[in-house]
Amino acid sequence: VNGLNQISTMTMSADGGRLYVAGYAANGSASAYSITLFTRNADTGLLTAVGIVASQGVSGVNGLDAAVSSIVLSADGKSLYTVNGSTAIHGTTGQSDLTTFSISANGTLTYVGVYTGGSGTPAVYNPSGLVISSDGKNVYVANASGSSIGVFSRNTDTGALTYLGVISKTTIAGDSNSGSQPSDDRYLESLQDIVITPDGGFVYVASGTMGVVSVFSRDSASGSLTYVQSFSTVSLSGIMVRDLAVSSDGKYLYVGTYGSNKILVCSIDEDSGALTLSSTFAVAGTGGSAHLAVSSDGLSLYSGTYAFFPGLSLGT
């Protein structure tokens with residue numbers, strides 16, 4: 001299928017009926033990165049290719065001029081967002097784009113716009129991940145560069161984004177409601193993943209190089225984030241944090257580590273969002289737990305190892 005060279009990431013719709021895959025479209029253009037749509041048979045699980053639904057430079061599309069780092073769909077099924085920046089294998093595309101598409105009834109995409117960042121606009125600076133609040137009102141971007149989180153409001157009708165601000169150690173220090181920052185002020189360096197609890201109350205970001213998960217409470221009315229704490233995993237895993245996943249009931253955060261075979265299970269305080277270590281367990285292989293996914297029924301946790309140590313583990 002054209003568009004499936006150099007696949008970088010993919011995501012499935014909440015109903016399991018569609019799969020969107022980001023890759024390279026072999027049409028002769030070095031910048032022709034694209035998104036390909038598949039439909040999924042609910043009975044057999046088999047996929048049927050619909051075709052490329054977005055490609056750099058086609059119908060005005062911008063922001064797909066490098067490998068896509070992350071794709072996220074809104075819960076209302078109206079919008080699809082991508083970022084290109086830090087890749088799954090800890091490389092960088094050299095780009096800093098957050099791109100918005102609207103989704104039609106048949107799953108095809110229409111380009112809405114792009115927010116281009118970089119060193120001068122740290123809201124999107126070598127982005128590594130993004131998440132949409134469950135109420136659909138906000139989008140948050142984790143950045144591998146700039147030690148920051150970008151905050152955007154979302155138009156729930158069109159999906160269009162408006163920049164609200166950036167979270168950094170400077171803004172945290174200036175917020176009297178913030179929790180105490182750790183003595184090592186690098187806790188927001190090299191952010192690798194960002195997740196949000198199902199009720200939209202708390203946001204978690206992982207610092208890959210520092211082995212830290214930082215916790216923020218979210219104001220549902222304004223979309224603003226308030227720093228709560230930074231949970232260090234260094235003494236527990238000794239290595240970098242790579243991926244995060246929240247249990248479907250919002251009670252636990254799973255922390256995957258790169259270069260270790262451990263997954264950390266942290267309980268989430270229902271009032272503050274603060275983390276407390278509950279347990280650790282090992283996964284097969286030596287590449288660590290670089291990618292995590294929780295089943296919708298909350299009964300299973302899947303762990304993908306790092307690229308150079310391929311494998312998939314299942315925990316219950």
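Residue numbers start at 1 and run along the sequence shown.
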In the single-linkage hydrophobic clustering (I, L, V, M, F, W, Y; side-chain heavy atoms under 4.5 Å), do Val21 and Met12 co-cluster?
yes
Side chains of Tyr187 and Gln181: any donor to acceptor distance under 3.5 Å?
yes
Is there a side-chain contact between Val50 and Thr39 in this structure, where contact means two heavy atoms from C-beta onward sitting under 4.5 Å apart?
yes
Residue pair Gly17 / Asp15: nearest heavy atoms and the distance that separates them
N-OD1, 2.9 Å
Just so I know, are the side chains of Leu19 and Arg40 near enough to count as touching, which here means a heavy-atom distance under 4.5 Å?
no
Would you please test Ser133 and Ile196 for side chain to side chain contact (heavy atoms under 4.5 Å, CB included) and show each step?
CA-CA 7 Å; Ser133 59; Ile196 192 168; 4.0 Å; yes
Is a side-chain donor or acceptor of Ser79 paired with a backbone partner of Ser74 at a separation under 3.5 angstrom?
no
Do side-chain atoms of Thr36 reach the backbone of Ile52 as a donor and acceptor pair under 3.5 angstrom?
no
Do the side chains of Leu80 and Leu73 get nearer than 4.5 Å, heavy atoms only?
yes
What do the steps show when you test Tyr111 against Leu64 for side chain to side chain contact (heavy atoms under 4.5 Å, CB included), and what is the final call?
CA-CA 11 Å; Tyr111 175 70; Leu64 297 184; over 6 Å; no
Could you state the interatomic distance from CG (Leu188) to CD1 (Ile167), rounded to the nearest 0.5 Å?
9.5 Å
Contact between Arg218 and Asp135 at the side-chain level, heavy atoms closer than 4.5 Å - yes or no?
yes
Does Gln95 use its side chain to pair, donor to acceptor, with the backbone of Asp65 at less than 3.5 Å?
no
Is any side-chain heavy atom of Gln192 less than 4.5 Å from a side-chain heavy atom of Val241?
no
Can you name the nearest heavy-atom pair linking Phe101 to Ala54, along with the distance?
CE2-CB, 3.6 Å
Leu277 vs Phe231, side chain to side chain contact (heavy atoms under 4.5 Å, CB included): CA-CA, chis, key distance, verdict
CA-CA 9 Å; Leu277 181 69; Phe231 177 83; 4.0 Å; yes
Distance col, row Glu189:CD vs Ser148:OG, nearest 0.5 angstrom, shows 11.5 Å
Taking all atoms of both residues into account, what is the closest heavy-atom pair of Asp249 and Lys251, and its distance?
OD1-N, 3.0 Å
Check the side chains of Ser295 and Asp297 for a donor-acceptor pair under 3.5 angstrom, ignoring hydrogens and angles.
yes
Joint cluster assignment, Val166 & Tyr125, ILVMFWY side-chain distance < 4.5 Å:
no
Would you say the side chain of Phe216 lies within less than 4.5 Å of the side chain of Val205, judging by non-hydrogen atoms?
yes
Separation between OH of Tyr20 and CD1 of Ile103, rounded to the nearest 0.5 Å:
4.5 Å
Ile132 reachable from Val246 in the ILVMFWY side-chain graph, under 4.5 Å edges
no
If hydrophobic clusters are built by linking Ile, Leu, Val, Met, Phe, Trp and Tyr wherever their side-chain heavy atoms come under 4.5 Å apart, do Leu130 and Ile71 end up in the same one?
no
So, does Ser134 use its side chain to make a donor-acceptor pair with the main chain of Pro198 at under 3.5 Å?
yes
Is Asn143 reaching over with its side chain to a backbone N or O of Pro122, donor-acceptor style, under 3.5 angstrom?
yes
Does Lys78 reach the main-chain N or O of Thr156 with its side chain, forming a donor-acceptor pair under 3.5 Å?
yes
Verify whether one side chain among Ser230 and Ser214 offers a donor that lies under 3.5 Å from an acceptor in the other.
yes
Could you give the distance from CZ (Phe152) to CG (Leu164), rounded to the nearest 0.5 Å?
8.5 Å
Is the shortest heavy-atom distance from the side chain of Ser190 to the side chain of Met210 under 4.5 Å?
no
Residue among Leu264, Val265, Ile268 satisfying side-chain contact (heavy atoms from CB on, under 4.5 Å) with Leu253:
Ile268
Grab the two heavy atoms, one from Thr100 and one from Gly159, that are nearest each other, plus how far apart they are.
CG2-O, 3.4 Å
Any chance OH of Tyr252 has more than 12 other-residue heavy atoms, nucleotides or ligands included, within less than 6.0 Å?
no
When you measure from the side chain of Ser8 to the backbone N and O of Val68, does any donor-acceptor pair fall under 3.5 Å?
yes
Does one hydrophobic cluster hold both Val151 and Ile172, with members joined at side-chain heavy-atom distances below 4.5 Å?
yes
Could you tell me whether a side-chain N or O of Tyr81 sits under 3.5 Å from a main-chain N or O of Ser70, the two making a donor and an acceptor?
no
Quick one: CG on Leu4 to OG on Ser34, what's the gap to the nearest 0.5 Å?
7.5 Å
So Tyr163 and Leu161, do their side chains get closer than 4.5 Å, heavy atoms only?
no
Quick check: does any side chain N or O of Arg154 sit under 3.5 Å from a backbone N or O of Gly136, one acting as donor and the other as acceptor?
yes
With no hydrogens and no angle check, is any side-chain donor or acceptor of Asn84 less than 3.5 Å from a backbone partner on Asp97?
yes
For the CG atom of Leu47 and the CG atom of Leu37, what is their distance to the nearest 0.5 Å?
10.0 Å
What heavy-atom pair brings Ser69 and Pro127 nearest, and what distance separates the two atoms?
OG-O, 3.7 Å
Please evaluate residues Val112 and Thr158 with respect to the criterion side chain to side chain contact (heavy atoms under 4.5 Å, CB included), reporting the C-alpha separation (whole Å), side-chain torsions for both, the decisive distance (0.1 Å), and the verdict.
CA-CA 8 Å; Val112 175; Thr158 66; 5.7 Å; no
